[in-house]
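The structure under discussion appears below in the form of C-alpha cells.
Proteins get letters first, then strands, A, B, ... in listed order; numbering begins at 1 in each.
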Amino acid sequence: MKSNLKNKKGNFKNVPKEIYDFWEKSGFFSADLKSEKEKYSLLIPPPNLTGELHLGHAMQHSILDAVARFKRLQGFDVLLLPGVDHAGIQFEATFDKFLAKKNLSKRKLGREKWLEEAFKFKDEVYKSVSSTWRFMGLSADWKREVFTLDEGPKLAVFEQFKTYYDKGLIYKGPYIVQWCPKCNTAIEDVEMEYEERKEKLYYLKYGPLTLATVRPETKFGDTAMAVHPDDKRYQDYIGKEFEIETLAGRKKMKVVADSAVDPEFGTGVIKVTPGHDFADYEIGRRHNLPILQAINKEGRLTELAGKYAGMKVLEAREKMIPELKQKGILLKQENYVHNVAVCERCKSTVEPLISEEWFVKVNDLAKGAISVINLDKIKFLPKNYKKILVEWLKNIHDWCISRSLWWGHRIPVWYPSTSLRISDPSTHSINSGSSTRSARSGRVEEMKVSLESPGEGWVQDEQVLDTWFSSGLWPLSTLGWSVGTGPVSRFPPVSAPPQSGVRADRNPSTTATRAENLMFKRYFPWDFEISAPEIKYLWIARMIMISQYFTGQIPFKTMFFHGMLRDLLGRKFSKSLGNGIDPVYLIDKWGVDATRMALYTYSIPGRDGRVSREILDERGKNFRNFATKIRNITHFVIDLKPDSNSEVSRQTRPITLDVMKSGRQENTSEVSIADDKWILDELSKTIRTVTKHLENLELHLAVEEIYEFVWHKFADRYIEESKSNRVKVQPTLEHVLKQVLILLHPFMPFLTEELYQKFEVKRESIMQEEWSSSR
RNA sequence: GGGCUCAUAGCUCAGUUGGUUAGAGCGUCACAUUGACAUUGUGGAGGUCAGAGGUUCGAGUCCUCUUGAGCCCACCA
C-alpha cells in the first residue's frame, strides 16, 4: 500500500497517494450541506499563489487537518475549505521576472494582454504547486476551492468597496505614503523591513541656523524649518522667515515651533520636508505648510532640483556634497548609523512621498471589532492576543487600499474620459487629503462606482485594491456571501464571463447561487481559523472588522495563532537567509505521518520553536520509529493472530467492550496478565484525556498522551504479557488496536488508514469510524 | 521609546486553574535481546526550574525587581 513515488511534479516519496486518492474519490472530504449533523467549519488561510510551501504551512495544514479529522470522527459535518490568494505584489513581481526572461514586459504587452498572460501563468503555477498543498494529507473540500480573483469573491469585493464608498468611508487624496520605487507602488508599514545602514549626518547651514540631516537631497522639498517650542536657543527665530540657498535658487522659509522636534538631536533644528517624511508631513499639516514633491515615483529628483533633476536619490546626494561644501553650506559631517525602511519583498529603500491614493476610514470598523472582541465572542489562542489586537485597533490609522499594480481587483471607479486627469502634480494642498471624493482645484471630480464600464466615454481607475482588501473579506466571500442583500446571494447565474482563464466551474459561487446562500447560512461563522501571528494585524484584525461591519457577526469562533518556527538563532526562516528547511525533505526521509507528528510537537499556540534540520530529523526519526512500532503491533495482532478456527477467537470477535469487561474478571487467576481491565481502563483514560486535549486544541499534549499509551502501556506491557495467553486476549488486543488507530487518525491519517484496512470487521474507511465517547 | 514573549537535563522542548519524588524525545552509560520490532527492551547518570525578594501551610507555576535572549509596533530629521 505504501508507495515510493519519485519526488517530482508533486509526487512524494513516503506519501501514500493511493490512500489520498481513495479518500478524495469516496467523497469523505466533502461537506454535506444537507447533512443532519451539526456543522464544524474550518477556513484554510489561502496560501500565496507563488509561495512554495514552507515548514510553517506544513504545520498549519497539519493542525487544521487534525482538528478537521477529529471533528469528523466525532460526527460533525466538517467543512475544511481551501483557497488561493492572488497575492498582489508578490505574484506580479514573480510574473514580471518570468516575462523579462522572455524579453517581454508590461510596456510591451499592455494591460489587457498582460492580464491574459498573467492568468495563464497563474494556472501553470497553480498546477505545479497545488499537489504540494495536499501533501500533508489535508482533508480539504477541494471541490469548493476558491481563488480570490474568482467571480464570487470579485463581486463581494466590489460590493464591499461600494458600501464603503456609499457610506462615505472611502476617500481619495494626496497622502504621504511609503513608496517602493522598484515595485512602483505604495506599500504599508507592515510590508516594510528595517535595515541598519551606516550613513553620514550632514550639518547644513540654513540661513542663520545650522541643522543636521541624513538626507540633503530632500532639501529641494523643504518648506520650513522647525525647532522645539521650549528650546531656549531658538526662541528669537520662531515665526520669522529667512532666505535659504537651495542649490536651485534661493527661497524664503519660515521657522515653526513644533514639539515633535527633538532638541537633543543634532542642533535641535530640523528642516521640514512634508512631501518626503512622515514626521515632517505631520508637522506640515499642523502648520499648514505647502508640500513640494522633490522626488518622483521612480526615486529620481524632480525639476525642483534644478541641475540635479533626474538623478537617483543616492547619486544626487553624492553629487551635491562638493557644491554644498564649496558654497559653505555643508559645515561638517559625522558618521551615523540608523535603520532605513526597505521593501519587504524587493529590499529597495522605501521612499516616503506624496501620492494620490484611496483610503478607507477605519475608525468605525475598528470600534465594531473592538466591542465584539471585548465581548469575548472569539476565543483567542493564546489568550493574550485578544489584548494585543484591541490595542492595535484602538490606534489604527486609515487604511491605504490602492496599489499601483495590475494584478488584483481593479478599483471599480470610472471617470469620464474627457476629464482625463493629470498625473503627478508636483504640488498638493495638504488639506484636500481629508475630504471625501477628491476635490482638486476646487472642482469635484466626477466619478462612478461600478464593476463594469458605465458606457462609452468612461475610463477605469488604473490602480488595484490592496490584496488584504479581498483577504479581509475571505471568511464571507468564500461562502458566496454578498453585501447588497445580506446573506441572500445575488450572484449572477452560470454565464459568468470565462474571462481571464478563471475556471468558472471550479467555483461553486458562480454555478450554484441558491446553494451558496445555504452555504453561508450553514457554515458561517467559521468554527476555527488559524494563522501565523505575524499577520494578525494585516489579516486577522481586518477579517474581524469587516465581518462585524457587514454581518454583525464574528468571522470565526476560535482563532488559533500558531508559533513561528525559527532557526537556532531565533531568526525567521527566509529565502534570503537561506536557512529554510523544506518539509518535502522531511517527508521524503521520514514519511508524511511522522513529519506531521514532529510538527505537532511545535503546535503550541503563540509559542515559537527553534529548529534545525538535525532537530527535525531527530523528531522525524522518533516518530518514524513510532510508526514502525504501530505497524509491528498491527502485524503481531492481526497478521500473527492465533488460528482463527479456534473456538475462543471465533466466538469473541464481535464482542463489545462491556462484555469483555465483565466476562474476563473471574478468569484471571492462572493468567500472567494482571487483568484486561487494566489495559481497558488505561485505554479509556487515554481516550478521555486525548479528547480533552483535542477539544482544548492542545495537540502536542494529545500526541504525547497517545504515544505514551501505545508504546509504553500497550506494547511494552500489555502485549508483552499477553504472549503467554494469546488466544484469550486476542479480542482485547484487536479492540485496543482499533481504538488506538482511531485515536491516532487525526494525526497520522495515512498509516492509520492503511492498518485499519487489515481488520476483518470494519467500515470502508477509518474516516467513517466513530470517536469513542468513553467517559 | 511603547507593547509582548521567553529563560526548566548536554540539545530541542512539555509541565491545564499553585499540591506527592519536576517529565518527554534525542544524546549519554550499563546490561539484555534476532525478538511482533527499519532494532527493541530493562535499568542508570544528568536539574538550586536564570538570579533576588515577596504572597502562601505549600511556588517551576502567582506578585515585584534584576540580568540575559528574542519578537512586534513606532521613531530615527
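For Y707(A), taking side-chain heavy atoms from C-beta onward, the closest of the listed nucleotides A77(B), A36(B), G25(B) is G25(B). Of all nucleotides listed (A36(B), A14(B), C4(B)), C4(B) comes nearest to the side chain of K387(A). When each of C37(B), A36(B), A77(B) is scored by its nearest atom to the side-chain atoms of H635(A), the top-ranked nucleotide is A36(B).
With sequence neighbours left out, F759(A) forms a ring pair (Phe, Tyr, Trp, His ring centres under 6.0 Å) with no residue at all. Partners of R726(A) under the salt bridge (Lys or Arg N to Asp or Glu O under 4.0 Å) rule, at least two apart in sequence or in another chain, do not exist in this structure. Here E334(A) pairs with K332(A) under the salt bridge (Lys or Arg N to Asp or Glu O under 4.0 Å) rule; sequence neighbours left out. Partners of D582(A) under the side chain to side chain donor-acceptor pair (under 3.5 Å) rule, at least two apart in sequence or in another chain, do not exist in this structure. By the salt bridge (Lys or Arg N to Asp or Glu O under 4.0 Å) test, K386(A) pairs with D376(A), sequence neighbours left out. The salt bridge (Lys or Arg N to Asp or Glu O under 4.0 Å) search around K383(A) returns none, not counting sequence neighbours.
Judged by distance alone, the side chains of T601(A) and R619(A) do bring a donor and an acceptor atom under 3.5 Å apart. Using modelled atom types and a 3.5 Å distance limit, the side chains of T218(A) and K271(A) yield a donor-acceptor pair.
Using a distance-only test at 3.5 Å, with no hydrogens or angles considered, a donor-acceptor pair links the side chain of Q730(A) to the main chain of V637(A).
Ring-centre distance between F380(A) and Y385(A): not below the 6.0 Å cut-off.
G23(B) and C37(B) have their P atoms separated by 32 Å, with the value rounded to a whole Å. The C1' atoms of G68(B) and G51(B) are separated by 11 Å, rounded to the nearest whole Å. Annotation: C31(B) and A38(B) have their C1' atoms spaced 24 Å apart (nearest Å). If you take atom P in G46(B) and the same atom in G10(B), they sit 11 Å apart, rounded to whole Å. Comparing U56(B) with U61(B), their P atoms are spaced 16 Å from each other, to the whole Å.
Positionally, the nearest nucleotide of RNA chain B for H693(A) lies more toward the 5' end than for the other of H693(A) and T273(A).
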Scan the side chains in residues 699-715 of chain A for donor-acceptor partners under 3.5 Å anywhere in the protein, sequence neighbours excluded, and list what turns up.
unit_1  : atom_1 : unit_2  : atom_2 : d
Y707(A) : OH     : N622(A) : ND2    : 3.2
H712(A) : ND1    : D716(A) : OD2    : 3.0
K713(A) : NZ     : E682(A) : OE1    : 3.0

Check the pair H562(A), M59(A) against side chain to side chain contact (heavy atoms under 4.5 Å, CB included), reporting the backbone distance first and the verdict last.
CA-CA 9 Å; H562(A) 63 252; M59(A) 180 165 78; 3.7 Å; yes
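Nucleic acid contact for A715(A): base, since at least one base atom lies under 4.0 Å from a heavy atom of the residue. Contacts of K692(A) with the nucleic acid, taken as non-hydrogen atoms under 4.0 Å apart, include base atoms. Counting any heavy atom pair closer than 4.0 Å across all strands shown, E708(A) reaches no nucleic acid atom. Nucleic acid contact class of L701(A) (heavy atoms, under 4.0 Å, all strands): sugar-phosphate only.
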Contact state string [nucleotides 40-47 of chain B, B base, S sugar-phosphate only, - no protein heavy atom under 4.0 Å]
SSS-----
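For residues 600-613 of chain A, the pairs satisfying salt bridge (Lys or Arg N to Asp or Glu O under 4.0 Å) are R566(A)-D608(A), with sequence neighbours left out.
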Considering only nitrogen or oxygen atoms on both sides, find all protein atoms under 3.5 Å from nucleotides 27-32 of chain B and state each distance.
none

Close N or O pairs between protein and nucleotides 9-13 of chain B (under 3.5 Å):
unit_1 : atom_1 : unit_2  : atom_2 : d
U12(B) : O3'    : R610(A) : O      : 3.0
U12(B) : O2'    : Y602(A) : OH     : 2.7
U12(B) : O2     : R619(A) : NH2    : 2.8
C13(B) : OP1    : R610(A) : N      : 2.4

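A sub-4.0 Å separation between OP1 or OP2 of U5(B) and a side-chain N or O of N384(A) is present.
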Parsed dot-bracket for RNA chain B after applying the Watson-Crick and G-U rules with both distances under 3.5 Å and | for other-strand partners is (((((((..((((.....[...)))).(((((.......))))).....(((((..]....))))))))))))....
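One interatomic measurement links the two molecules: CG of L640(A) to P of C37(B), which rounds to 8 Å at whole-angstrom precision.
Side-chain atoms of E720(A) and base atoms of A36(B) include a donor and an acceptor less than 3.5 Å apart.
With respect to K723(A) and E720(A), a salt bridge is recorded, a charged nitrogen being found less than 4.0 Å from a carboxylate O.
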